[in-house]
Amino acid sequence: MLTLTTTHTPLSDAQPGLVRVVLTESSTHRLVETAAGVTEFYYGVGKFEEVTMRRFRIILRGLIQATKSHQIERIAIELPQSRFPKLADQVTGWYYATIAENVLLADYEYTRYKTKKQKREKKDLKEFILCGVTDREAKAALTRGSTVATYMNAARDLANTPGNDLSPTDLGNETKKLLKLKNVTVSVLGEKELRKLKMGALLAVGQGTKSETRLIIAEYWGAGKPSGKHIPEEKRPIVLIGKGITFDSGGLNVKPTGSMHHMHLDMAGGAAVIGALGAMAALGLKKNVVVLVPTAENAISDDSMRAGDIITAMNGTTIEVLHTDAEGRLVLADALTYSARYQPRAIIDVATLTGAALVALGEYASAVMTTDLTLQTILTKLGEQSGDYTWPLPLWDEYKQNLKSNRADIANITQSFSKWGGCIEGGIFLAHFAPKDVPWAHLDIAPRMESVGADKLAKGATGEPARLLVHFVESY
Ligand code: BES
Ligand code: MN
Ligand code: ZN
C-alpha cells in the first residue's frame, strides 16, 4: 500500500534512505548515487514550459511506473506548481488533487490472482513524500484526490474480477461492503421483486443462467433524505446508472474468440458509478445521489433469450431482440424507467455499450450522447479537467429510423444489421426509455473499459469515469 505524505521541508533536507526524485527537461531517466551517499533519480519529462494538463497526468503516472520498475520503495519529490507555466491558471485544489489521483492510480496493480511467490519477487512502492508543501489548501486537495483515487481503484478491483468470481449477487454483496459509509444505504432487488416491477428487459438478459439477476440500488443522502411525495428542488437526487453485465458471452449471438475473454469488464460502468458514490460519500458532498446498477450475466443455455424474441420492458414498450449481444441497452432501459421514481434532477448512464464507440473515437475518450446541450458542455469540459476524457456524438431524430421494428414497438438494433453509427444507435435506443423532461446523458465508456499503453496505468480496468462523475455531482 502506497502512502502519500507531505512535508514542509525542502527536498534537499529529505531523510537519507529516501530516493530523491529530480525532474529534468531531458527525455531520459537515470538513477545516481551521490558522493554524500544520497540516491537521486533524474526523471526526464521534456520542456517544463510544454507541460499541459494532459501531459502532467502522464508524467506523474510514468514516474510511478519508472520507480516501480527500478524497485524503489520510498521517494521524495518537490513539485511546485510554478514550475509548469501552462498549469499556472489552474487552482491549487486542481493541481494537488491531480497529483494524488494520478500517483495512486498509477500505483494500482491487480494482483489478487498472483500467487504469493510471484508477489514476493517484486518490491512495492511504499512511500511518496511531497516536499516543500506548506499550504493547507494543497494538503486538503491531496487528501481529496487520494479519496477519489482510492474509490476509483476499488472500482477497478470490482471490474477486474473475473466472471467466475463475480456474479450479479456477488456484485451486490461487494457493493454493500464497499459502501458502508455515512448517509449511504444499499439495497439489492432479487428476481422476484424485479418480476413484480415488470422489468422484463433486465430479466430477459439474465434468463440464460442460474446466476440470478439483480438491481443494485445505492442511495447517498448528503443533502438530507427527502420525505413525502413531493421532493423539493434542492433535495432531488442526481441518478447515476451503470451497466452491470458481469460477463457478456454475447448470448446466442455468441461473440467470436478474441472478443469475449475481456467481457468480465462489461460491468465497468456499474463499478464506476459505485466507486463514484463511495468517493462522494467519503468526501461528504452535500448532494443527493442515487446509483442504480442493473446486473446480469449474458449467458448461453436453452433458457437464454433468443434472437427474434419479443420482450416487454418495465415501461410497457415491447422490444424485438434482433441481436442478443445488444444486451446492455436492455438492462439499462429498465433502470432508466425505474429512475423516474426518484424525481431526479439529472440522469447519467454509464455503459460499456458498443464496440462501435471505439470505431468512432478510438481508445482515448468515452462518447457522450445527450440532447441537453448544458450537460454536453459540462461533461466534455469536466472530462478535460478530470482526465476522464469524453467527446460528443449526436442523438438526432433522424437516427430513430434505425430502430423500427416490424413486430414490436422498437428493435434493439437496426433491422438491416448495418454497422454505421452503431454507438449512436445505442444512445437512440436508451433515449426511448429515459424519463421525459429530465436532463439525461449517456456515456458509452467502451473505449475506456481497458487501459492502453500510453495511459501508463496497469493493464485492465481504468475505473473511469468515476472522477468525472464526482466533479459533475460537485458542480451540477
Ligand atoms: N459489451 C459489448 C460492447 C463492447 C465491445 C464493450 C467491445 C467493450 C469492448 C456490448 O454488449 C456489445 O456486445 N455490443 C455489440 C452491439 C451490437 C450487437 C449492435 C457490439 O458492439 O458488437
Ligand atoms: Mn453484448
Ligand atoms: Zn455487453
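Indexing begins at 1, ligand by ligand and atom by atom, following the structure's order. The analysis underlying the following values was restricted to heavy atoms, covering all of them including side chains, and did not include hydrogens, waters or symmetry mates.
- Using a 4.0 angstrom heavy-atom cutoff, K255 counts as in contact with ligand 1.
- Taking 4.0 Å as the cut-off, M263 counts as a neighbour of ligand 1 on heavy-atom distance.
- Taking the side chain as every heavy atom from C-beta outward, L277 and L240 never approach each other to under 4.5 Å.
- Among protein heavy atoms, atom 19 (C) of ligand 1 sits closest to I413 CG2, 3.6 Å.
- Protein heavy atoms are found less than 4.0 angstrom from atom 1 (N) of ligand 1.
- The heavy atom nearest to atom 11 (O) of ligand 1, out of those in E425, E327, E450, is found in E327.
- Each of E450, M449, H262 was checked for a side chain to side chain contact (heavy atoms under 4.5 Å, CB included) with T352, and the lone residue meeting it is M449.
- With 3.5 Å as the limit, one finds no donor-acceptor pair spanning the side chains of W420 and N402.
- Counting only heavy atoms, the protein gets under 4.0 Å from atom 9 (C) of ligand 1.
- Atom OE2 is the N, O or S atom of E327 at the shortest distance from the Zn ion (ligand 3).
- Closest of all the heavy-atom pairs between L4 and A100 is CD1-CA, 3.8 Å.
- Remark: aromatic rings of Y43 and H29 are close, center separation under 6.0 Å.
- Close contacts of ligand 1 with A446, meaning ligand atoms under 4.0 Å from a residue heavy atom, involve 6 (C), 8 (C).
- Contact of the T354 side chain with the R329 side chain is registered, since non-hydrogen atoms from C-beta on lie closer than 4.5 Å.
- Between D325 and ligand 1, a contact under 3.5 Å exists for at least one N or O pair.
- Checked against R448 for a side chain to side chain donor-acceptor pair (under 3.5 Å), the options T390, T462, D455 give a single hit: D455.
- Under the 3.5 Å distance criterion, with hydrogens and angles disregarded, no donor-acceptor pair is assigned to the side chains of D334 and T337.
- Near T352, meaning under 4.0 Å from any of its heavy atoms, are these atoms of ligand 1: 1 (N), 2 (C), 3 (C), 6 (C).
- Its N, O or S atom nearest to the Mn ion (ligand 2) is what matters here, and for D248 that atom is OD2.
- For E327, the N/O/S atom at the shortest distance from the Mn ion (ligand 2) is named OE1.
- Nearest to atom 3 (C) of ligand 1 by heavy-atom distance, out of L353, I245, L322, is L353.
- Coordination check, K243 versus the Zn ion (ligand 3): passed, since an N/O/S atom of the residue sits under 2.8 Å.
- Residue K198 qualifies as open at atom NZ: its count of foreign heavy atoms under 6.0 Å is 12 or below.
- Considering backbone and side-chain N/O atoms, T354 never comes within less than 3.5 Å of an N/O atom of ligand 1.
- Residue G355 has at least one N or O atom closer than 3.5 Å to an N or O atom of ligand 1.
- Remark: of the listed residues I445, L443, L332, L332 is the sole one forming a side chain to side chain contact (heavy atoms under 4.5 Å, CB included) with L353.
- By the 30° and 60° cut-offs, the orientation of the rings of F84 relative to Y95 is tilted.
- As for D266, its N/O/S atom nearest the Zn ion (ligand 3) is the one called OD2.
- No other N/O/S atom of D248 lies as close to the Zn ion (ligand 3) as OD2 does.
- Under a cutoff of 6.0 Å and an axis angle of 45°, R54 and Y389 form a cation-pi pair.
- Looking only at distances, no side-chain donor or acceptor of R55 sits under 3.5 Å from a matching main-chain atom of E50.
- Near D248, the atoms of ligand 1 lying under 4.0 angstrom from a non-hydrogen atom of the residue are 1 (N), 2 (C), 10 (C), 11 (O), 13 (O).
- When R329, R448, H323 are checked for heavy-atom proximity to atom 16 (C) of ligand 1, R329 turns out nearest.
- Within the 4.0 Å heavy-atom criterion, the part of K243 lying near ligand 1 is the side chain and not the backbone.
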